[in-house]
Amino acid sequence: MRPIVFAHRGASAAFPEHTRAAYVQALLDGADGVECDVHLSRDGHLVLHHDAQLGRTSDGRGPVSSRTLAELRRLDWTSWKGAPIPPGHGAPDRQLLTLPELLDLLRGAGRPVRLAVETKHPSPYGHRLEEEVLNLLMREGWDPETGRLENVTVSLMSFHPDAVRHFLETVPARHVCQLVETTTRRTVRDSLRVGRTTAAVLHAGMRLVVPPALPVISAGLVDLVGPGLDFVRARPDLVRQWRAEGRVLRVWTVDTARDVDLCRALGVQQLTTNRPADVLRWAAASAGAAGGATADGPAAPAAAHGGRPAPMTVG
């Protein structure tokens, strides 16, 4: 069996992350599921965006939380990537997505699909963010026990242990994922391109704002564990231990054939990637049968497997 493949912020190597185009492409690529990050806008909408600030992936500035949805809609979300948006992947002014809009897109996929929703912290709204996610899913008809919303199976995740514990008050442990990363002064310095002193200050601040995640996992509070690749490389012993304990491992961000092979060797069941078409191909080859079954049954037909993509509604 090959691992289940999630498209990280959509097919984000091909199109701007979190855009309609990225998610349409992920479905056409045959991804088993998609991953998204959510923030609350100033007027209470669940907007798909990774960073707390707008500058990296749009022509806006300032916090996402300081803008209304209408203000966010007026920003340019695609030019930074330099990838033309095909006509079938949505109009330029419809690329910003809210969580309800992503759900509509997934429900039109014509096949079972997974959705992993990450809440981003620190948030100026605190755990209102988790409450809004839960309230929305319930209104849409989601069943927390099964994780099902029509053809969509939803799981919830966060790096912040308090957010994970908040979800666990309502959602069974099998649908909640504690994300884990290896954060050092060096990784902060390299990712943010700051000096050693600034990196040390930021690293200390991050540890105060987001407590360690490992106690949540070691206490057995969650069934899903989401380590980053750096963590997997640094602590394969712990990854093997989690696998032996029966945890489901969802590793991010797996973008090379070598990374796929490493995860397969460790028994990882779920891969999150910016390149779903490639990872599906590599994972199928690693499993020994192109288009082989996943843990949930036969793989969905997709362009990545040499078939035609399942019908879907772009909207």
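Because the structure is a prediction, the values reported are computed rather than measured.
Of the N and O atoms on the side chains of Asp43 and Ser41, at least one donor lies less than 3.5 Å from an acceptor on the other residue.
Looking at Leu156 and Glu130, their side chains never come closer than 4.5 Å, going by heavy atoms from C-beta outward. Two residues are said to be in side-chain contact when any heavy atoms from C-beta on lie closer than 4.5 Å; Leu46 and Leu129 meet this criterion. Side-chain atoms of Val117 and Ser155, non-hydrogen and from C-beta on, never get closer than 4.5 Å to each other. Here the side chains of Asp104 and Leu106 are not in contact, with every heavy-atom distance at 4.5 Å or above. In this structure, Val251 and Gln270 have side chains that are not in contact, with every pair of non-hydrogen atoms separated by 4.5 Å or more. Here the side chains of Asp29 and Leu27 are not in contact, with every heavy-atom distance at 4.5 Å or above. A heavy-atom distance below 4.5 Å is found between the side chains of Ser286 and Asp261.
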Subject >> From CA spacing to verdict: salt bridge (Lys or Arg N to Asp or Glu O under 4.0 Å), Asp237, Arg240 >> reply: CA-CA 5 Å; Asp237 56 323; Arg240 291 190 185 95; over 6 Å; no
**OP:** Under the salt bridge (Lys or Arg N to Asp or Glu O under 4.0 Å) rule, what do Asp259 and Arg233 come out as? Steps first, then yes or no, please.
**Re:** CA-CA 10 Å; Asp259 294 339; Arg233 294 189 186 104; 2.9 Å; yes
**OP:** Evaluate the side-chain hydrogen bond (donor to acceptor under 3.5 Å, both in side chains) criterion for residues Arg9 and Thr19: first the C-alpha distance (whole Å), next the side-chain angles of each, then the deciding distance (0.1 Å), finally the verdict.
**Re:** CA-CA 8 Å; Arg9 310 175 200 171; Thr19 59; over 6 Å; no
**OP:** Report the C-alpha separation of Glu35 and Thr272 in whole Å, then their side-chain angles, then the decisive distance to 0.1 Å, and conclude whether the side-chain hydrogen bond (donor to acceptor under 3.5 Å, both in side chains) test is met.
**Re:** CA-CA 8 Å; Glu35 180 265 2; Thr272 303; over 6 Å; no
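Applying the ring-ring contact (aromatic ring centres under 6.0 Å, His included) test to residues at least two apart or on different chains, the pairs with a partner in residues 225-275 are Phe159-Trp252, Phe231-Trp242. Pairs passing the ring-ring contact (aromatic ring centres under 6.0 Å, His included) check and including a residue from residues 123-154, sequence neighbours excluded, read His121-His127, His127-His166.
Here the side chain of Gln269 pairs a donor or acceptor atom with the backbone of Arg247 at under 3.5 angstrom. When atom types are taken as modelled, the side chain of Arg275 and the backbone of Asp255 share a donor-acceptor pair closer than 3.5 angstrom.
In the hydrophobic clustering, Leu75 connects to Val47, Leu54, Val64, Leu69, Leu72, Trp77, Leu96, either directly or through intervening members, whenever side-chain heavy atoms lie under 4.5 Å apart.
A search for side-chain contact (heavy atoms from CB on, under 4.5 Å) contacts involving Thr170 returns Leu134, Met138, not counting sequence neighbours. Applying the side-chain contact (heavy atoms from CB on, under 4.5 Å) test to Pro63 and every residue at least two apart in sequence or in another chain returns Gln53, Ser65, Ser66. In terms of the side-chain contact (heavy atoms from CB on, under 4.5 Å) criterion, residue partners of Lys120 (sequence neighbours excluded) are, by chain and number, Asp37, His39, His50, Glu118.
Comment: Glu169 does not engage Arg165 in a salt bridge, judged by the lack of any side-chain N to carboxylate O separation of less than 4.0 angstrom. Under a 4.0 Å N-O distance rule, the pair Arg111/Glu150 does not qualify as a salt bridge.
Hydrophobic cluster membership differs between Val248 and Val176, with clusters built from Ile, Leu, Val, Met, Phe, Trp and Tyr side chains linked at under 4.5 angstrom. Note on Phe15: it does not cluster hydrophobically with Leu48, by side-chain heavy-atom contacts below 4.5 Å among ILVMFWY residues. The hydrophobic cluster containing Met157 does not contain Leu224, counting ILVMFWY residues as joined when their side-chain heavy atoms lie under 4.5 angstrom apart, directly or transitively. Residues Tyr23 and Ile85 fall into different hydrophobic clusters, defined by Ile, Leu, Val, Met, Phe, Trp and Tyr side chains chained together at heavy-atom separations under 4.5 Å.
The distance from the CD atom of Glu145 to the NE2 atom of His175 is 7.0 Å, given to the nearest 0.5 Å. Here the CZ-CZ distance, from Arg61 to Arg67, works out to 9.5 Å after rounding to the nearest 0.5 Å.
The 12-atom threshold is exceeded at CZ of Arg56, counting heavy atoms of other residues, nucleotides or ligands nearer than 6.0 Å.
Between Ala163 and Ser158, the shortest heavy-atom distance links the atoms CB-OG, 3.5 Å.
At least one test fails for Arg114 against the ring of Phe6: distance under 6.0 Å to the centre or angle within 45° of the axis.
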